[in-house]
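Working notes, structure below.
Everything numeric in this text was worked out from a predicted model, so none of it was measured. In what follows, chains are A, B, ... by sequence order, proteins preceding strands, each numbered from 1. Computed from heavy atoms alone, side chains included, the values below leave out hydrogens, waters and symmetry copies.
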2 protein chains.
Amino acid sequence: MLKNTKQRCAIMQVLKQSGDPVSAEDIFAALKDEYPNLALSTIYRNLERFAADGLVKRDVWRDGIVRYSLAQEHHGHYLICTGCSAKIKIEDCPLTGIEQGLAHDTGYEIEGHTLTIYGKCPKCLRRGKTQNQ
Amino acid sequence: MLKNTKQRCAIMQVLKQSGDPVSAEDIFAALKDEYPNLALSTIYRNLERFAADGLVKRDVWRDGIVRYSLAQEHHGHYLICTGCSAKIKIEDCPLTGIEQGLAHDTGYEIEGHTLTIYGKCPKCLRRGKTQNQ
DNA sequence: CTTCTTGCAAATAATTTGCACTCCA
DNA sequence: TGGAGTGCAAATTATTTGCAAGAAG
């Protein structure tokens with residue numbers, strides 16, 4: 001099971017083409033020209049299934065919106081500007097290694113983690129902190 | 001400004017008493033006996049203000065719900081079981097130190113970070129992975 | 001054909017907002 | 001007293017779900 005449908009392929013395409021995590025709405029927007037009657041619910045359902053199957057990684061951003069990215073390319077985390085939302089990918093994950101110790105100490109089987117760092121980028125620093133979130 | 005109201009105190013009390021991050025609904029539930037007509041919107045508004053003033057730290061959990069905790073006690077992150085939601089506080093933050101290097105490399109001013117580790121606790125491991133999410 | 005998928009529309013659930021009223025400073 | 005703060009109800013917004021129709025194996 002997990003049939004090969006046009007919609008499913010298209011969603012995967014978007015995930016592959018965009019290096020960064022994308023929301024359901026992002027995908028919807030990206031595909032609405034080519035698939036005018038693709039339903040948002042289809043996107044949600046597929047993303048959830050992909051995530052359950054371990055194909056994609058599901059993350060909740062600070063803004064409360066869920067973003068998905070291909071499991072393989074995920075890792076690196078992000079440094080996100082709280083002023084302008086500029087993102088920098090952090091290639092080098094500081095947690096590799098730590099998780100093993102943690103598993104040993106707690107008896108948990110570690111499945112993954114969420115790490116995002118927030119700050120102000122140089123441009124926003126210069127402008128002072130006029131804006132909030 | 002930032003007047004001293006009963007509601008505001010009560011919300012702060014809950015934050016202080018609960019070591020763990022709490023959601024608006026948690027606070028609502030905790031206070032509904034003592035303050036039967038406290039409005040959920042009041043809680044949301046105050047938590048947002050507290051967060052804006054740096055009094056509390058705002059975090060989005062994997063389940064999409066926003067939790068708040070006193071800024072001081074925050075740090076420690078959490079190891080959360082994806083089966084039963086059991087939480088273990090991780091006292092020792094692996095990012096201290098790394099942030100400085102990052103600030104130097106990127107020119108960002110680091111404001112904070114979100115780190116949560118997910119896994120299965122020993123009990124849930126034993127039961128096999130019957131449940132999802 | 002039979003089961004997995006989809007599209008649509010309606011349902012949830014968390015959070016936000018408008019507004020008149022209330023209460024601290 | 002005057003503006004900050006509150007309660008209530010209605011509005012938003014992201015996501016989920018039921019169901020009949022459609023497509024893949």
(Q) So, taking the atom named CD1 in A/Ile110 and the one named NZ in B/Lys120, what distance separates them when rounded to the nearest 0.5 Å? (A) 11.5 Å

Q: Identify, with sequence neighbours excluded, every residue that meets salt bridge (charged side-chain N to carboxylate O under 4.0 Å, His left out) alongside B/Arg45.
A: none

Q.
At a heavy-atom distance below 4.0 Å, what parts of residues 27-38 of chain A sit against DNA chain D?
A. none

(Q) How long is the straight-line distance from CG of A/Leu40 back to CD1 of A/Ile27, given to the nearest 0.5 Å? (A) 9.5 Å

(Q) How many whole angstroms separate atom CZ of B/Arg49 from atom P of C/dT15? (A) 18 Å

Q.
Tell me the interatomic distance from A/Arg8, atom CZ, to C/dT5, atom C1', rounded to whole angstroms.
A. 7 Å

(Q) From CG of B/Asp63 over to P of D/dT15, roughly how many Å is that when rounded to an integer? (A) 13 Å

Q) Is it the case that more than 12 heavy atoms not belonging to B/Gln100 sit under 6.0 Å from its CD atom? A) no

**Q.** Interatomic distance, A/Ile65 CD1 vs C/dT15 P [rounded to whole Å]
**A.** 13 Å

**Q.** For B/Gln7, all residues meeting side chain to side chain donor-acceptor pair (under 3.5 Å), sequence neighbours excluded
**A.** none

Q | Short side-chain N/O contact from B/Gln7 to OP1 or OP2 of C/dC23, under 4.0 Å | A | no

Q | Angle by which the axis turns from one end of the helix from C/dC1-D/dG25 to C/dA25-D/dT1 to the other, five pairs per end, to 10 degrees | A | 40°

Q: For residues 24-37 of chain A, pull every pair meeting side chain to side chain donor-acceptor pair (under 3.5 Å), keeping only residues two or more places apart or in separate chains.
A: A/Ser23-A/Asp26

Q. Do A/Ile65 and A/Val22 share a hydrophobic cluster (ILVMFWY, side-chain heavy atoms under 4.5 Å, transitive)?
A. no

Q.
Is a donor from one side chain sitting under 3.5 angstrom from an acceptor on the other, for B/Glu99 and B/Tyr108?
A. no

Q. Within this structure, what is the CG-to-C1' distance between B/Asn46 and C/dT16, rounded to whole angstrom?
A. 14 Å

Q | Comparing B/Arg67 and A/Ala39 on DNA chain C - which has the more 5′ nearest nucleotide | A | A/Ala39

Q.
Looking at A/His77 and A/Leu115, would you say the former's side chain and the latter's main chain have a donor-acceptor pair under 3.5 Å?
A. yes

Q. Where is the tightest heavy-atom contact between B/Pro94 and A/Leu95, given as atom of each residue plus distance?
A. CG-CD2, 3.6 Å

Q. Are a donor atom and an acceptor atom from the side chains of A/Arg62 and A/Thr116 found within less than 3.5 Å of each other?
A. no

Q: Produce a footprint string for nucleotides 16-25 of chain D: one letter per nucleotide, 5' end first; B if the base is under 4.0 Å from any protein heavy atom, S if only the sugar-phosphate is, - if neither.
A: BBBB----BS

